[in-house]
Amino acid sequence: MNKSRFESLGVYLPEKIVSTKELIDSMEQKPQFDLESLTGIKTRRWRSECEDSYTLALKAAKKCLENSEYEASDLDVIIFCSITHSKDGTNHWFEPSLSKFLKDNLGMRPSAINFDMTNACAGMLTGLFILNNMIKAGTASCGMVVSGECITPISETAMKEIKDPIDAQFASLTVGDSGAAMIIDRCSNEEDGIDFVEFMTVAEFAELCFGMPSEQNSGIAMYTDAIGIHREVISRLPGAIRHLKKKYGMKGEDFDYILPHQTSTRAIQTAFSHCREQLDDEIPEILISLDRYGNTSSTSHFVVLHDYLSRKQLKKKSKILFFGLASGIVMGFVSATINKLEEQYGYCN
Amino acid sequence: MGTVIKASSICANGTHSAIELTVIAAEQCIEKAGVERTDVDLLIYAGVYRDHNIAEPAIAPLIQKKLGLNNDPLINGEFGKMTFSFDITNGECGFLSAVTVAEAALKSGSSRYALIVSGDAHPSKKKQPDFPYSNIGSAVLLAYTEEKEKGFTNFMFKTANGDNPGLKSYLEFDKIGTRGREMALIYMDNDYHSKLHSFAVESIREYIGAHMVDPLNVRYLVTSQQYKGFGSKITHAIGLNGTPKVIDLHDEYGDSHTSSLPLSFHHIFNNGELKENDRILFVSAGSGLTSACAMYVV
């Protein structure tokens with residue numbers, strides 16, 4: 001069976017920077033807690049007036065192709081994976097799929113496979129699950145997983161609507177806008193590539209977070225039981241890792257880094273400290289870029305990867321365990337080396 | 001070797017909720033397939049319209065929860081069987097897109113049984129006279145077989161170049177105020193149906209040529225159901241009359257959108273009309289313009 005690898009990465013971040021302090025200062029009902037110290041988020045990127053999910057994705061896809069050995073016409077598949085589907089301003093698209101417009105604009109073949117896929121903040125990792133299967137099964141040789149998350153409209157709704165010091169919309173203040181794209185291709189190099197992709201949906205708790213149009217204002221809102229999600233995830237994470245250890249024979253020391261979905265620094269550290277105690281195993285260095293980008297939802301792992309790679313902060317031949325977490329509740333892991341990306345960006349000595 | 005449909009089911013009980021329609025169809029489908037629900041490890045929702053325009057979580061986890069498919073894999077401190085759920089959208093062609101995704105998961109060994117569900121009801125969950133799609137929930141359960149020349153083969157996807165998709169559907173937040181959970185605006189060009197017909201004909205001709213299909217060996221043609229006669233107009237344009245037999249359920253069900261192909265398949269499957277080695281050509285075409293074709297061998 002074929003193996004796949006990360007061939008190229010492209011990330012686009014809007015120029016405008018908005019601090020947590022600015023957000024909180026403009027709110028009538030301020031949180032009872034210190035949002036910045038609780039989450040570790042100092043700033044996030046914010047869309048300009050002419051940016052939407054589609055343009056953020058397109059810019060990232062173009063950067064990804066610039067960094068790739070492939071032309072757009074070589075790609076067999078494009079999967080658009082974001083939660084937000086804005087195009088032409090704030091219009092939230094249903095039909096046709098936004099992947100169709102991306103495919104045309106990038107110059108892909110009319111016969112290439114395109115579709116949109118949504119799976120909350122696990123969007124890009126679910127895209128990776130799909131494309132990895134397609135490459136293993138021989139459906140495709142190479143393809144692109146892309147997402148444009150124009151998600152700060154939920155922060156604007158929260159700023160207008162939060163009335164309660166403990167409000168279900170506080171998590172909406174943690175997000176940031178971004179676009180990310182990666183090309184995955186078939187790999188013959190034993191030392192590079194994706195070892196496994198393992199995902200599950202703990203649907204018992206599917207209703208702990210909803211993103212949907214607000215009924216009080218025009219625009220989209222997100223309502224999260226952040227404490228509930230944290231409680232259910234933290235109580236399952238050691239068991240999920242134990243399951244992976246058994247199934248794939250892996251150990252903590254096999255990995256150089258763990259790259260979790262970016263929710264809050266404190267929540268991430270608490271979760272993995274708990275795993276260390278429960279599993280009596282090493283937890284590798286945790287990669288976090290929350291301070292500057294916040295939670296960029298479905299692109300989070302790739303914004304962080306781009307951040308560390310750009311600063312040449314990763315070791316040569318790094319092995320990374322990606323941890324996906326999303327409403328659903330989706331939990332999942334990807335184990336991969338990223339040698340080709342390190343060739344693109346460089347690595348630390 | 002191929003991906004076979006172990007069972008199919010539909011629901012058209014007048015309910016106006018995509019989730020409820022698909023859950024009823026899926027319950028029946030799992031029962032007919034005779035598989036344990038704990039063995040259904042992949043669930044894909046392929047509908048376009050979503051109850052109350054929920055953007056997250058995906059609709060599939062909400063359906064999974066109602067079906068009880070390994071809702072919590074942690075049992076007595078150990079992880080047991082698990083199910084992974086997400087949504088695929090590609091307008092009218094979403095069903096065949098979901099089948100390619102499921103096929104890759106089944107073939108690569110990542111999944112054992114994949115359930116594809118779709119149902120397009122108006123986001124308001126109420127009857128809306130302007131909404132062009134009928135409320136149909138559908139479900140098919142897929143499995144992989146090593147048997148030669150069985151199940152789905154030779155997928156072909158195609159999109160037309162150009163910025164005019166013929167049919168556009170979105171939520172205009174600037175105009176709808178606080179009614180975001182209740183709305184879906186659909187704009188259809190006057191010549192959409194004629195352009196779609198030409199594009200579907202062009203796609204089938206290309207498919208027949210690329211895969212050396214002898215139309216006389218194809219027993220059924222199942223297509224999108226945008227209007228009555230959509231399928232027969234296509235066979236007429238290609239010069240095929242009588243073979244393959246066109247399944248047209250528009251009179252009975254209207255435009256069943258993302259459920260059109262599973263609905264038509266279910267119709268012939270349920271009537272006991274299918275024989276071993278029958279060939280069924282699946283063709284969908286819709287907004288984009290986008291088309292998808294695949295052959296299914298019983």
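Residue numbering restarts at 1 for every chain, and letters A, B, ... go by the order of the sequence lines. Owing to the predicted nature of the structure, the values given are computational and were not obtained by experimental measurement.
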Is it the backbone or the side chain of A:Val330 that comes under 4.5 Å from a heavy atom of chain B, or both, or neither? side chain

Options A:Met134, A:Glu232, A:Lys136, A:Met331, ranked by heavy-atom pairs under 4.5 Å with chain B, top entry: A:Met134

Gap between atom CD1 of A:Ile220 and atom CD1 of B:Ile54 - 0.5 Å precision: 10.5 Å

May I have the step-by-step check of side-chain contact (heavy atoms from CB on, under 4.5 Å) for A:Phe129 and B:Ser110, ending in yes or no? CA-CA 9 Å; A:Phe129 166 86; B:Ser110 149; 3.4 Å; yes

Just to be sure I understand the criterion: a residue of residues 200-209 of chain B counts if one of its heavy atoms is under 4.5 Å from a heavy atom of chain A. Which ones qualify? none

Please classify the contact between B:Arg50 and chain A as side chain, backbone, both or neither, with a heavy-atom cut-off of under 4.5 Å. side chain

Mind ranking A:Gly219, A:Ser214, A:Ser97 by heavy-atom pairs under 4.5 Å with chain B and telling me who comes out on top? A:Gly219

Can a donor-acceptor pair be found between the side chains of A:Lys103 and B:Thr159 at a distance below 3.5 Å? yes

Do the non-hydrogen side-chain atoms of A:Pro213 and B:Leu171 ever get within less than 4.5 Å of each other? yes

Under 3.5 Å, is there a donor-acceptor pair linking the side chains of B:Ser108 and A:Asn133? yes

Listed pairs under 3.5 Å, donor-acceptor, residues 198-212 of chain A side chains, sequence neighbours left out:
| unit_1 | atom_1 | unit_2 | atom_2 | d |
| --- | --- | --- | --- | --- |
| A:Glu198 | OE1 | A:Lys247 | NZ | 3.1 |
| A:Glu198 | OE1 | A:Tyr248 | OH | 2.5 |
| A:Glu198 | OE2 | A:His243 | NE2 | 3.3 |
| A:Glu198 | OE2 | A:Lys247 | NZ | 3.2 |
| A:Thr201 | OG1 | B:Ser85 | N | 2.9 |
| A:Glu207 | OE1 | B:Lys65 | NZ | 2.9 |

Just verifying a value: how many Å separate A:Thr90 OG1 and B:Tyr170 OH, rounded to the nearest 0.5 Å? 10.5 Å

Most contact-rich option vs chain B, by heavy-atom pairs under 4.5 angstrom, among A:Ile135, A:Asn2, A:Asn114, A:Asn132, is A:Asn114

Once you round to the nearest 0.5 Å, how far does CG of B:Asn90 lie from CD1 of A:Ile113? 10.5 Å

Gap between atom OG1 of A:Thr118 and atom CZ of B:Phe86 - 0.5 Å precision: 11.0 Å

Tell me whether B:Asp191 at atom CG has more than 12 heavy atoms from other residues, nucleotides or ligands lying less than 6.0 Å away. yes

For each of B:Ala292, B:Ala102, B:Ser169, B:Ala58, tally heavy-atom pairs with chain A at distances under 4.5 Å, and name the one with the top tally. B:Ser169

Heavy-atom cut-off 4.5 Å, strictly under: side chain, backbone, both or neither for B:Asp41 against chain A? neither

For B:Tyr49, is it the side chain, the backbone, both or neither that has a heavy atom under 4.5 Å from a heavy atom of chain A? side chain

Please flag which part of B:Glu78 lies under 4.5 Å from any non-hydrogen atom of chain A: side chain, backbone, both or neither. side chain

Give the C-alpha distance, both sets of side-chain angles, the deciding distance and a yes or no for side-chain contact (heavy atoms from CB on, under 4.5 Å) between B:Ile186 and A:Phe94. CA-CA 9 Å; B:Ile186 300 171; A:Phe94 303 124; over 6 Å; no

Shortest non-hydrogen contact between B:Ala55 and A:Ile83, atoms and distance: O-CG2, 3.6 Å

Smallest heavy-atom separation, A:Gly328 atom then B:Pro61 atom, equals O-CB, 3.4 Å

Do other residues, nucleotides or ligands put more than 12 heavy atoms under 6.0 Å from B:Lys66 NZ? no

Would you mind checking which part of A:Ala240 comes under 4.5 Å of any heavy atom in chain B, side chain (CB onward), backbone (N, CA, C, O), both or neither? both

Could you state the interatomic distance from CD (B:Glu56) to OG (A:Ser82), rounded to the nearest 0.5 Å? 11.5 Å

With side chains defined as the heavy atoms from C-beta onward, is the minimum distance between A:Phe101 and B:Pro165 less than 4.5 Å? yes

Checking A:Gln216 against chain B: side chain, backbone, both or neither under 4.5 Å from a heavy atom? backbone

Report the option among B:Ala60, B:Gly162, B:Gly80, B:Pro123 that has the most heavy-atom pairs separated by less than 4.5 Å from atoms of chain A. B:Gly162

Contact winner vs chain A - B:Gly286, B:Ala46, B:Pro73, heavy-atom pairs under 4.5 Å: B:Pro73

Test item: B:Phe79 and A:Arg242 side chains (from C-beta on) under 4.5 Å apart, heavy atoms: no

The interface call for A:Lys87 against chain B, heavy-atom contacts under 4.5 Å, is neither

Using a strict cut-off of less than 4.0 Å between a Lys/Arg side-chain nitrogen and an Asp/Glu carboxylate oxygen, indicate whether B:Lys168 and A:Glu95 qualify as a salt bridge. no

A:Ser235 versus chain B, the contacting section by heavy-atom distance below 4.5 Å: backbone

Measuring only between side-chain heavy atoms, which start at C-beta, is B:Thr89 closer than 4.5 Å to A:Phe115? no

Is B:Ala184 close to chain A through its backbone or its side chain, or both, or neither, when contacts mean heavy atoms under 4.5 Å? both

Between B:Glu182, B:Met183, B:Arg179, B:His52, which shows the greatest number of heavy-atom pairs under 4.5 Å with chain A? B:His52

Distance col, row A:Ile329:CD1 vs B:Asn71:CG, nearest 0.5 angstrom, shows 11.5 Å

Quick check for you: among A:Ile130, A:Asp88, A:Thr139, which has the greatest number of heavy-atom pairs under 4.5 Å with chain B? A:Ile130

Go through the atoms of A:Met222 and report whether side chain, backbone, both or neither lie under 4.5 Å from a heavy atom of chain B. side chain

Using a 4.5 angstrom heavy-atom cutoff, name the option from B:Cys93, B:Pro57, B:Ser97 with the most pairs to chain A. B:Pro57

Pick from B:Ile176, B:Leu289, B:Leu167: which one has the most heavy-atom pairs with chain A under 4.5 Å? B:Leu167

Which portion of B:Leu67 sits near chain A, non-hydrogen atoms under 4.5 angstrom: neither

